[in-house]
Amino acid sequence: MKSFKRQGIGLGLILLMLLKAWVIPLIYLDYEIRKDFIASTLCINRDKPMVICNGKCYLAEKVAEAERQKQQQSEQDYMSSLIYQVMDTMTVYSFPPAPISEEEVSSLSYFYKSAFLGRLVPDRIFHPPLA
């Protein structure tokens, strides 16, 4: 039973991908099938007897709209992939510490300078008068 369900889901996803890839050819097929109806009712230039386009203006408009939607979808996909790459929190970066020998540990010296001592040259020149 689960196998049929998975196959159905897989087949549905494949059909959706094919439909997305075949949007423009399907628009052309729709135009060829309904050419008379489009020319008589949906054509932009149907009121102008001088221009005889037989619905090709409607076809060009639908193809341009499909291209625009495809462009917007590709931009959104690109931006979402960039955001996913930047926001990828599943990757853990770890850097192993460099091994330190005992000689290095004993030879380490720390330098501490008090924050109250003057660190700038003017502090050495200008000071309160000595009594």
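What's counted below: heavy atoms across the whole structure, side chains too, no hydrogens, waters or symmetry copies.
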Measuring from atom CG of L11 to atom CG of L15, what distance do you get when rounded to the nearest 0.5 angstrom?
4.5 Å
Going by the rule side-chain contact (heavy atoms from CB on, under 4.5 Å), which residues pair with D77 if we only count those two or more places apart in sequence or in a different chain?
K20, Q73
For Q72, which residues count as a side-chain hydrogen bond (donor to acceptor under 3.5 Å, both in side chains) partner, sequence neighbours excluded?
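Listed in chain order: nothing, the list is empty.
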Pairing residues for E75 by the side-chain hydrogen bond (donor to acceptor under 3.5 Å, both in side chains) criterion, not counting sequence neighbours:
Q71
Between S40 (side chain only) and F37 (backbone N and O only), is there a donor and an acceptor less than 3.5 Å apart?
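Such a contact is found between S40 side chain and F37 backbone.
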Hydrophobic clustering (ILVMFWY, side-chain heavy atoms < 4.5 Å, transitive) - are W22 and L59 grouped together?
no
Compare every heavy atom of C43 with every heavy atom of G55, then report the nearest pair and how far apart it is.
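Minimum heavy-atom separation between G55 and C43: N-SG, 3.9 Å.
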Hey, can you pull the donor-acceptor pairs under 3.5 Å for the side chains in residues 24-33, sequence neighbours left out?
from	atom 1	to	atom 2	distance (Å)
D30	OD1	R34	NE	2.8
D30	OD2	R34	NH2	3.2
Y31	OH	N54	O	2.8

Pairs where residues 55-65 contributes a residue and the test side-chain hydrogen bond (donor to acceptor under 3.5 Å, both in side chains) is met, not counting sequence neighbours
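For residues 55-65: none.
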